[in-house]
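Below is one structure, written out as structure tokens, with a few remarks after it.
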Amino acid sequence: MAAETKLFGKLKTTEQEHKDPKEQLMFDPRPREELNRMVMEMMTTTTRKFWLWAIGLGAGVVVLLFGAWGYMISTGMWVTGLRRPIYWGVFIVTFVFWIGISHAGTFVSAILRVFKSEFRRPFTRAAELMTTFGLAAGALYPLIHLGRVWVFYFMVPYPNARWLWPNFRSPLVWDLLAITTYLLSSTIYLYLPLVPDLAMARDRTTGIRHSAYKILALGWRGTEAEWFRLKKAIQIFAFAIIPVMFSVHTIVSWDFAVSQVAGWHSTIFGPYFIIGAILSGVSAVVTILYVLRSTLKHMDYFLRPEHFDALGKLILVFSMAWAYFFFNDYLLGWYGGEAAVRQILTAHATGPAAWVWYTMLICNIVIPWLTLWNRKIRRTPWLMFIITLLINVGMYLERYTIIPLTLGHQRTPFDWGIYTPRPIEISIVLGTFCLFTFLYLVMSRLIPLVPVWEVQEGQVAHTLRKVGKAEVPSVTELD
Amino acid sequence: MAEVSKGIAEKWGLVVDQDRCTGCNACVVACSMENNVPFTGEDNVAFGRGTYWIYNKRMWEGAYPEVAPAFQPVMCQQCGSAPCEPVCPTFAAVHSEEEQINLQIYNRCIGTRYCANNCPYHARQFNFQDPDIPEPMNSYLNPDVTIRRRGVMEKCTFCVQRIVAGRQTASAEDRPLRDGEVTPACVAACPSGALVFGDLSDPSSRVSQMAQNERQYKLMDELGTRPKVTYLKGGGRNGG
Amino acid sequence: MKLKKPWWNQPGIQIASVLVALIIVGGIVGGIFLTQTPPEQPIAFPHNRHVAIGASCLYCHTGATLGPSAGLPGIEKCWGCHQQVQKQSPELTKLAGYVERNEAIPWVPVAIQPDFVHFKHSPHLNAGLQCSACHGDLSKMKVAEPQKGQNMGWCLQCHKNTAPEQWTKLSDCATCHY
Amino acid sequence: MYTKVVHMALFKEEQLDHAAESITRLRSLGISDKDISVISGIPFSEKILDRPMNWTNVGRIGVAGAVLGFITALLLNFGTPFLYPLRVADMPIFFPIPTSIVVTFELVMLGLLISTFIGVFVETISPSYGPQGYHPKVSDGHIAILFSGPMDLDQQFHSTFAELGATLEHDVEEEKLWL
């Protein structure tokens with residue numbers, strides 16, 4: 001412990017925080033007027049830095065994403081680094097990455113809501129927003145990677161003169177349906193709890209903002225019937241969106257697992273991908289919460305070390321679960337003894353791209369296991385920022401290992417190949433990162449990023465109760 | 001409605017006698033000319049983007065100093081249960097119920113390249129760019145085969161244009177197809193007679209007879225793809 | 001605060017949306033017009049008159065029973081008859097001009113299929129199909145007109161209705177696409 | 001006939017007990033439950049304020065949507081192969097089990113979730129019963145009790161709510177909240 005304190009000498013001791021329930025947001029209530037004012041200020045404050053970022057990222061989207069994509073469409077896929085036999089490269093890697101990121105919103109918001117985890121309250125919306133924009137960025141990739149994107153509608157089921165319908169046995173059609181379902185439902189799931197907050201914003205704005213919020217708030221007043229309906233709908237969504245979320249990443253994993261490719265055809269890919277997605281998603285939530293906390297006004301009131309602490313525990317659990325699934329997949333592939341699979345496993349660990357494999361293991365297992373057991377580290381936002389960023393690097397490399405590195409090393413050594421992404425691909429990938437950040441940045445000034453009514457509801461429900469000589473936090477259920 | 005075929009339906013089949021193959025690559029050239037396979041240039045071929053519907057794998061066999069080349073022409077195996085078909089979202093890779101071969105419908109293909117990943121034989125080729133056919137070369141193009149533009153997959157079709165033409169001629173003359181009447185370009189060009197094509201459903205056809213040979217094996221038979229291409233191997237060093 | 005017009009009432013937005021709508025509608029109308037009207041032919045060949053005097057389709061379009069393409073008549077074929085019959089009409093003067101210059105008549109094909117559709121006339125005619133089944137009743141047309149809605153569903157409909165016993169063969173993708 | 005006037009009593013967020021009490025008092029003044037409606041910035045259950053249970057059709061609409069999604073999925077899975085049978089690998093053409101289960105699941109969920117939202121949307125914009133009116137203080141955490149009562153009880157309302165520490169507002173129906 002002494003070494004710990006030395007290493008992180010700047011950290012405050014947490015002994016007192018633990019005793020003082022004020023450290024917890026729910027026991028540090030402020031009047032609703034105050035909360036509203038803080039959230040509104042958060043939305044309306046735009047600094048020079050904000051505009052610079054917004055313009056920079058917007059330009060990034062236009063040039064890096066749409067410029068490069070347009071160039072690729074007009075010239076053909078030869079500008080990518082794809083070659084026989086590696087027909088899927090970083091586009092699919094990034095696709096899986098974004099779909100993975102999008103799992104956090106649902107996980108944090110729906111699962112924690114169903115299980116009534118109170119620490120979720122201040123950041124459910126930030127996580128849901130991440131889901132929606134992560135999906136928006138990810139859903140571009142199935143289009144980007146198409147050889148003939150201009151006929152993408154052949155995949156869409158609609159009556160047509162050709163009598164032809166999509167092949168409902170193809171995982172790519174499942175992908176289309178699942179991503180559409182998930183994108184629509186997560187957008188609605190973002191919107192429903194937002195309505196009361198939009199009404200709050202409507203009451204506090206004038207001009208064009210006022211008319212926009214007025215339309216979006218659907219005439220929300222807050223009557224009993226409206227609340228009842230909203231709670232009912234949120235309840236339906238929270239329960240129904242969880243299986244949708246599981247199905248989405250399972251189907252993404254089936255893109256690989258239904259194939260005959262050695263190293264892909266694995267029965268454990270479904271849960272393995274889901275756990276990986278939640279690991280990278282929850283990590284991305286922490287990354288984003290840190291950024292929000294350090295850039296948005298008043299966010300440090302809403303986001304406290306306790307939240308990083310709780311999410312850190314979750315990440316540690318999911319890192320362990322990920323390691324379990326990874327080892328399962330590895331061991332059984334190795335034990336199965338199929339020559340091609342063993343060659344691939346050897347190539348991953350000792351081949352020319354072995355650094356990818358080792359970095360993945362270090363980022364996904366070693367770093368979280370060595371750090372996140374420590375309460376002090378978990379409660380230090382900037383350290384959590386770095387750790388979670390590294391976990392996402394690790395998760396990106398996991399997908400890179402699974403896709404191009406496995407494809408290049410199949411059953412016939414005559415057809416082995418190495419894949420290196422080319423500038424156009426890297427530009428498009430960076431472009432979607434710009435897109436995600438840009439959308440998030442713009443949205444952070446357009447909608448209340450903290451669900452005020454949920455925070456207030458939580459603060460009303462929390463009380464300190466005297467049990468013997470101790471004051472114990474207790475939660476009353478208001479519904 | 002089409003009847004779902006019970007059991008294993010067989011129609012066209014190809015036998016490759018590796019012991020007879022000299023590795024002359026005439027099949028590759030003939031195939032490229034017959035099927036308008038684009039020439040992508042040496043840089044692209046070196047990079048791994050050459051399009052060949054049939055390619056000749058050369059392997060070295062034996063231990064030094066007794067080393068000899070072995071040739072294995074590989075084309076689409078026209079699997080009876082093809083891994084490439086079910087994964088295509090648009091039915092561009094589809095099984096022909098009539099001819100019992102795998103089809104690639106270029107105008108339906110949207111270029112997901114999923115089929116290519118899923119083909120264990122790596123027989124599928126992707127058009128990374130539009131074919132470059134300079135002026136006099138376009139006279140060589142075969143009008144019976146679609147010129148594929150960029151972004152679509154393509155692969156060996158057993159020269160289905162010849163099959164359809166042969167079938168239509170026979171039907172116009174009101175007679176069944178004769179054995180050996182339809183030959184794909186590679187078979188027609190093979191100087192050593194290493195490639196034999198015919199109707200596997202007819203037990204008396206030459207290809208059926210040869211496919212019974214004790215030297216026969218199928219590529220990656222263990223994957224359960226039921227290839228229509230049978231390889232013969234096992235004779236002497238320089239062919240049997 | 002002064003109440004402003006909502007955004008959809010701003011004149012700029014309205015003009016822009018009308019313009020966009022016009023461009024889209026114009027594109028659609030233009031596209032339909034171009035594909036549905038008969039193209040300009042070098043000679044306004046009156047199909048109806050030739051059919052009326054009893055000329056069979058195969059007399060000029062000789063390839064139809066033999067191969068994929070039905071073929072278009074050249075100057076020899078036209079001149080074979082028109083050397084003898086009357087030459088007063090201005091269209092026939094054009095024909096005479098082509099013959100004089102010994103030049104092929106640049107007929108514009110009307111019923112065309114895309115490159116990836118390998119339509120063949122011979123199997124259809126050998127199966128006993130009439131030309132009018134696809135090309136319309138040419139005894140009522142002056143210049144050959146494109147028939148509407150000849151898409152894949154149209155082909156399949158006919159394949160299904162006229163030869164249900166051969167549906168497996170006729171619905172096979174390789175029948176037309178390779 | 002006497003004219004009814006809509007009043008709005010605003011309680012601060014910490015005066016929840018008083019708000020609950022005021023409903024009892026209103027009832028004793030002869031105002032029935034359907035003439036009262038409570039507006040609040042956070043949800044309170046009916047039991048807290050001793051109010052009749054609410055109902056909503058959102059769940060039913062959601063289930064209807066799920067059924068619709070299920071039918072669509074059946075048509076797509078089992079109907080479209082009849083339109084143009086195409087074989088892929090060795091998979092069954094007309095009886096695509098188990099692959100159809102995936103599509104069915106997704107479409108059922110899509111139907112359920114979208115129609116739930118449509119249900120919320122339609123119910124929200126359709127006219128509601130009970131006294132109308134709104135005050136921006138509600139989103140500041142105030143609990144507003146809207147009630148319509150006869151004009152001649154006006155004096156009693158004022159004294160009751162003054163006793164409970166609420167402010168009473170008139171003419172709250174003015175503002176148009178949506179479109």
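Just so it is clear, the structure is predicted and the values come from calculations on it, not from any experiment.
The number of heavy-atom neighbours closer than 6.0 Å to CZ of Phe95(D), taken from other residues, nucleotides and ligands shown, is 12 or below. The local environment of NE2 in His265(A) is sparse, with at most 12 non-hydrogen atoms from other residues, nucleotides or ligands closer than 6.0 Å. Heavy atoms from other residues, nucleotides or ligands lying under 6.0 Å from CZ of Phe78(D) number more than 12.
Judged by distance alone, with hydrogens and angles left aside, the side-chain atoms of Trp227(A) form a donor-acceptor pair with the main-chain N or O of Ser40(D) at under 3.5 Å. Within the 3.5 Å criterion, the main-chain N or O of Ser139(D) finds a donor-acceptor partner in the side chain of Asn36(A). Distance alone, capped at 3.5 Å, is enough to place a donor-acceptor pair between the Arg169(A) side chain and the Ile93(D) backbone. In terms of modelled atom types and a separation under 3.5 Å, the side chain of Arg221(A) and the main chain of Gly133(D) share a donor-acceptor contact.
The side-chain tip of Arg51(D) does not point at the ring of Phe228(A) from less than 6.0 angstrom away and within 45° of straight on.
Partner of Met109(D) under the side-chain contact (heavy atoms from CB on, under 4.5 Å) criterion, chosen from Leu177(A), Ile241(A), Val244(A): Val244(A).
Within residues 156-167 of chain D, no residue has any heavy atom less than 4.5 Å from a heavy atom of chain A.
Partners of Phe107(A) according to the ring-ring contact (aromatic ring centres under 6.0 Å, His included) rule, which considers only residues two or more places apart in sequence or in another chain, are Phe318(A).
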Task: CA sep, side-chain torsions, deciding dist, call: Arg37(A), Asp140(D), salt bridge (Lys or Arg N to Asp or Glu O under 4.0 Å) - done: CA-CA 9 Å; Arg37(A) 190 188 53 75; Asp140(D) 263 345; over 6 Å; no
- [ ] For the pair Leu86(D) and Leu164(A), evaluate side-chain contact (heavy atoms from CB on, under 4.5 Å) and give the outcome as yes or no after the intermediate values.
- [x] CA-CA 9 Å; Leu86(D) 287 170; Leu164(A) 273 167; 3.4 Å; yes
TODO: Could you give me the CA-CA distance, side-chain angles and deciding distance for Val88(D) and Asn167(A), then say whether side-chain contact (heavy atoms from CB on, under 4.5 Å) is met?
DONE: CA-CA 9 Å; Val88(D) 287; Asn167(A) 177 8; 3.9 Å; yes
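Proximity to chain A (any heavy atom under 4.5 Å) is restricted, for Glu46(D), to the side chain, taken from C-beta onward. Contact of Leu16(D) with chain A is not made at all, since no heavy-atom distance falls under 4.5 Å.
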